[in-house]
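Encoded as structure tokens, the structure appears first; notes follow it.
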There are 2 protein chains.
Amino acid sequence: MAETHTHKPEPVADVLADHGVRPTSQRETVYRSLLQQRDHPTADEVFARVRENAPTISLATVYNCLDVLVQHKLVKAVNFERGPTQYCANLAPHAHFHDEAGGTLDIDMPPEMITQLLGLLPENFDVKHIEVNFHGRTPSA
Amino acid sequence: MAETHTHKPEPVADVLADHGVRPTSQRETVYRSLLQQRDHPTADEVFARVRENAPTISLATVYNCLDVLVQHKLVKAVNFERGPTQYCANLAPHAHFHDEAGGTLDIDMPPEMITQLLGLLPENFDVKHIEVNFHGRTPSA
DNA sequence: CAGGTAATTAGAATTATTCTAAAATAAGTC
DNA sequence: GACTTATTTTAGAATAATTCTAATTACCTG
């Protein structure tokens, strides 16, 4: 099957480099893990996952890598109430829905919605980012 | 000057009772503190403030009271990134703007905006609450 | 390959919060 | 008003997530 709509699959190292992140093996491993398993893992969960491939990586490094990825906008950090930070490689503008029963869902947000939200602010505010979180229950059925 | 638009100012104890919260002196003190000083204090800050009137109150009690007030929807808990939870007695629907330079602002949200946000979700999701947070800088001038 | 910068590591430290168990308070009952 | 029971408060210990520290390792530049 030919790839009709996708560009050539850019190696992870290049994606990092393109975003100004020096591509170390740890950073690649962490980022790859987030790309592969697109739930919303905590730092601990990422640590557990990457240990399989990189058994010598440390938790501090996982935190460092995640921070760098977030700072360079390759990954989003999601916070819910007092829970541990969760990480998300979905870069499209989206909100998050936190199910009380556990689990976090991405909710796509059309760009107009972002524009409207920004419209609530006084003109000269400099917005770095917006976060929209829903909290509740998904249908149990 | 006659009070033209306000109802009789209901004592704090009654407000608590009306919301199903047993009005203990600690709860009244904590709630009153939030009503009076409408910045977005952390539990520690509330603790420091209420100690002036109630020098024997404990930090655990402040946490307990804040939790009860939040559970009974008299107070909102606001979380930003990894910072400590902040509390807010503004019950009108509103978003929060976190200034990197410090400080948190309430941003009014018209009900239509809430409706639109809810429209992003599948029909049968049961939403307990929505949180909209902006992050950035206010004009320094 | 020497020298410098940046990244990683293990473990200690910190911080906000929650837990625990006991004492105090309040509410309801006779 | 004393008695019982449920709730709240309290001080301090415990926990959990994250950050810090200092030492080591990897990478790049000349």
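Every chain is numbered from 1, with letters handed out A, B, ... down the list of sequences. The figures that follow rest on heavy atoms only: side chains count, while hydrogens, waters and symmetry mates do not.
- Between the CG atom of B:Asn64 and the C1' atom of C:dA16 there is a distance of 15 Å, rounded to whole Å.
- With hydrogens and angles disregarded, a donor-acceptor distance shorter than 3.5 Å links the side chain of A:Thr29 to the backbone of A:Ser25.
- Taking atom CG of residue B:Asp67 and atom C1' of nucleotide D:dT8, one finds them 14 Å apart after rounding to whole Å.
- Atom CZ of A:Arg51 and atom P of C:dA10 are 9 Å apart (whole Å).
- Close to D:dT7, at under 4.0 Å from its OP1 or OP2, lies no side-chain N or O of B:Arg22.
- Salt bridge B:Arg49/B:Asp39: present, at least one basic N to carboxylate O contact under 4.0 Å.
- For C:dA7, the OP1/OP2 oxygens have no side-chain nitrogen or oxygen of A:Thr24 closer than 4.0 Å.
- With rounding to whole Å, A:Glu28 atom CD is found 14 Å from C:dA7 atom P.
- Distance OH (A:Tyr87) to P (D:dA17): 12 Å, rounded to an integer number of Å.
- Whole-Å rounding puts the A:Gln26 CD to D:dA26 P distance at 9 Å.
- Contact between the side-chain N/O atoms of B:Arg27 and the OP1/OP2 oxygens of D:dT8 is found at a separation under 4.0 Å.
- Between the side chains of B:Asn79 and A:Asn79, no donor-acceptor pair is found at a separation under 3.5 Å.
- Among the heavy atoms of the strands lying under 4.0 Å from B:Thr56 are primed sugar atoms or P, OP1, OP2 only; no base atom is included.
- In this structure a side-chain-to-backbone donor-acceptor pair under 3.5 Å is present from A:Gln86 to A:His40.
- Between C:dT9 and A:Thr61, a contact under 4.0 Å exists linking OP1 or OP2 to a side-chain N or O.
- For A:Glu45 and D:dA16, the CD to P distance is 15 Å, given to the nearest whole Å.
- A distance-only check finds no donor-acceptor pair linking the side chain of B:His72 to the backbone of B:Val21 [under 3.5 Å].
- Proximity of A:Thr85 to the phosphate of D:dT18: a side-chain N or O atom is located under 4.0 Å from OP1 or OP2.
- Between the CG atom of A:Asp44 and the C1' atom of D:dA17 there is a distance of 8 Å, given to the nearest Å.
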